[in-house]
Q: 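A single structure is presented below for examination.
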Amino acid sequence: MSGQSARVPYLNSKLQGFGSTIFAEMTALAAETNSINLGQGFPNYDGPQEVLDAAVDAIRSGQNQYPPGPGVPELRRAICEHQLRFWGLSYDPDSEVLVTAGATEALAGVLLGLLETGDEVALLEPMYDSYQACIALAGAVTRPVTLRPPHYRLDPDELRAAITPKTRVILVNSPHNPTGAVLDRTELQAIADIAIEHDLIVVSDEVYEHLTYDGIKHVSIASLPGMKERTLVISSGGKTFNTTGWKVGWVCGPAAMVAAARAAKQFLTYVSSGPFQPAIATGLRLPDSYFTALAADLEGKRNHLMQGLTQAGFEVFKPQGTYFITVDIRPIQGDGDGYAFCRSLPHKCGVVGIPNVVFYDRAHQHEGRHLVRFAFCKQYEMIDDAVSRLKTMS
Ligand code: PMP
Ligand code: GLN
């Protein structure tokens, strides 16, 4: 659920409970209190120069009007090349790819385009906040399957138990926000088996596809046998190229499913991010060494923040991917109220985190109450500064 659970005047009943996203609330609090923002996940450094230059060139060469509805052809081709190079997946750039306003709009387009009122969506909990809101907007129902610390592994029996005759979609997110779990082949195969057995669509949010550590490699569930024809893969350029503000995302999948998502998407933004689309195409064509170096750099930052958070007294759960670390705050704040902790932390020591409780269903709040997420996509000096401030809490 969102940060605010109080009734919001005028807001329709579908969106009650989703009044304001936690990211807006916590980033505003960081600005107000001049705190270090380890809450909302965005790097405090730029992406590759080639990608920035390509955006400037696109603006200067007049690519500033509406791009084509499905996305600029150059980007759609680059997305297909990237899917083939890294995950062995082959798509047709004309019919099987749709460019969107970030992965957020890809999710909205897919969920609003595919779901009927009353359909059910089985998904991993904790869950990224826009999932629940979009499922609610579609009039559909969320069926969460909880991943638990310390390792946040998927129990296939729990997923099986969440499937009903009304289930239409399994929504997967790996590498997983906020836990940092990366689903392994066995877990993905278990999801695939269930999807095939019940003839379900899989929506796979892979925005952190390149951010995996300790030699662990991301696997797209669409690459498993029998899955490409029932899977919509979603990603975006934000995390991979440190361009979260550009909002260039995409969906790849079977033509008929992509067309359904496009039908909804055309009435959301129609199109977006004109000159940033060719720039992300440049990024997707960078050599393998770029992607390897990105992960290696973030692995160092993960290790650094993990060590600092441990020294500050938290119980720390090691993420295998993403740029987030989840901690248990109870060694520091005995009552384990993560929301209260995150609201007071900026005032007490000038650091912002995200209370993981907002990523849980209303009925499962106890599972995430004592957990807090910190982002490590920050320069080392900022991580060090945040850690020394957090140490004053213990
Ligand atoms: N899915 C997940 C799991 C995310 O963490 C995010 C965060 N940005 C998104 C989707 C949205 O991506 P975008 O910024 O490209 O809209
Ligand atoms: N995906 C980022 C996060 O989880 C930012 C999300 C947002 O601001 N909507 O922190």
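Keep in mind the model is a prediction, meaning the values are calculated, not measured. One-based numbering, in listed order, for ligands and for the atoms of each.
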Q: For Asn173 and ligand 1, answer yes if some heavy atom of the residue is under 4.0 Å from a ligand atom, otherwise no.
A: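 It does, in that a heavy atom of Asn173 comes within the 4.0 Å cut-off of ligand 1.
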
Q: For Asp155, is there an ion pair with Arg148 - N to carboxylate O distance below 4.0 angstrom?
A: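 Not counted as a salt bridge, because no side-chain N and carboxylate O are separated by less than 4.0 Å.
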
Q: Where's the contact between Ala103 and ligand 1, heavy-atom distance under 4.0 Å: side chain, backbone, both or neither?
A: both

Q: May I have the list of side-chain donor-acceptor pairs in residues 280-287 shorter than 3.5 Å, sequence neighbours left out?
A:
unit_1: Thr282; atom_1: OG1; unit_2: Pro278; atom_2: O; d: 3.3
unit_1: Arg285; atom_1: NE; unit_2: Glu81; atom_2: OE1; d: 2.8
unit_1: Arg285; atom_1: NH1; unit_2: Glu74; atom_2: OE2; d: 2.6
unit_1: Arg285; atom_1: NH2; unit_2: Glu81; atom_2: OE2; d: 2.9

Q: According to the salt bridge (charged side-chain N to carboxylate O under 4.0 Å, His left out) rule, which pairs have a member within residues 89-116, sequence neighbours left out?
A: Arg76-Asp94, Glu105-Lys265

Q: Asn44: what forms a side chain to side chain donor-acceptor pair (under 3.5 Å) with it, not counting sequence neighbours?
A: Gln379

Q: Flag this pair as yes if the NZ/CZ of Lys228 is under 6.0 angstrom from the six-membered ring centre of Tyr91 and inside a 45 degree cone about the axis; otherwise no.
A: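 Yes; both conditions hold, so Lys228 lies above the ring face of Tyr91.
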
Q: Give yes or no for whether the N/O distance cutoff of 3.5 Å, strictly under, is met between Thr244 and ligand 1.
A: no

Q: Parallel, tilted or perpendicular, judged at 30° and 60°: which one describes the rings of His364 and His366?
A: perpendicular

Q: Strictly under 4.0 angstrom, heavy-atom based: which residues surround ligand 2?
A: Phe23, Gln40, Gly41, Tyr128, Asn177, Tyr208, Lys239, Phe324, Arg373

Q: Judging by distance only, is a nitrogen or oxygen of Tyr131 under 3.5 angstrom from one on ligand 1?
A: no

Q: Do the side chains of Arg230 and Asp199 get close enough for a salt bridge, i.e. N-O under 4.0 angstrom?
A: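 Salt bridge between Arg230 and Asp199, a charged N being under 4.0 Å from a carboxylate O: yes.
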
Q: Is the closest heavy-atom distance from Lys239 to ligand 1 below 4.0 Å?
A: yes

Q: Can you tell whether the side chains of Glu25 and Arg343 come within less than 4.0 Å, N to carboxylate O?
A: yes

Q: Quick one: look at His176 and ligand 1, take heavy-atom pairs under 4.0 Å, and tell me if it's side chain, backbone, both or neither.
A: neither

Q: Output yes when the distance from some N or O of ligand 1 to some N or O of Thr104 is under 3.5 Å, and no in every other case.
A: yes

Q: Taking the side chain as everything from C-beta on, heavy atoms only, tell me whether Tyr339 gets closer than 4.5 Å to Ile22.
A: yes

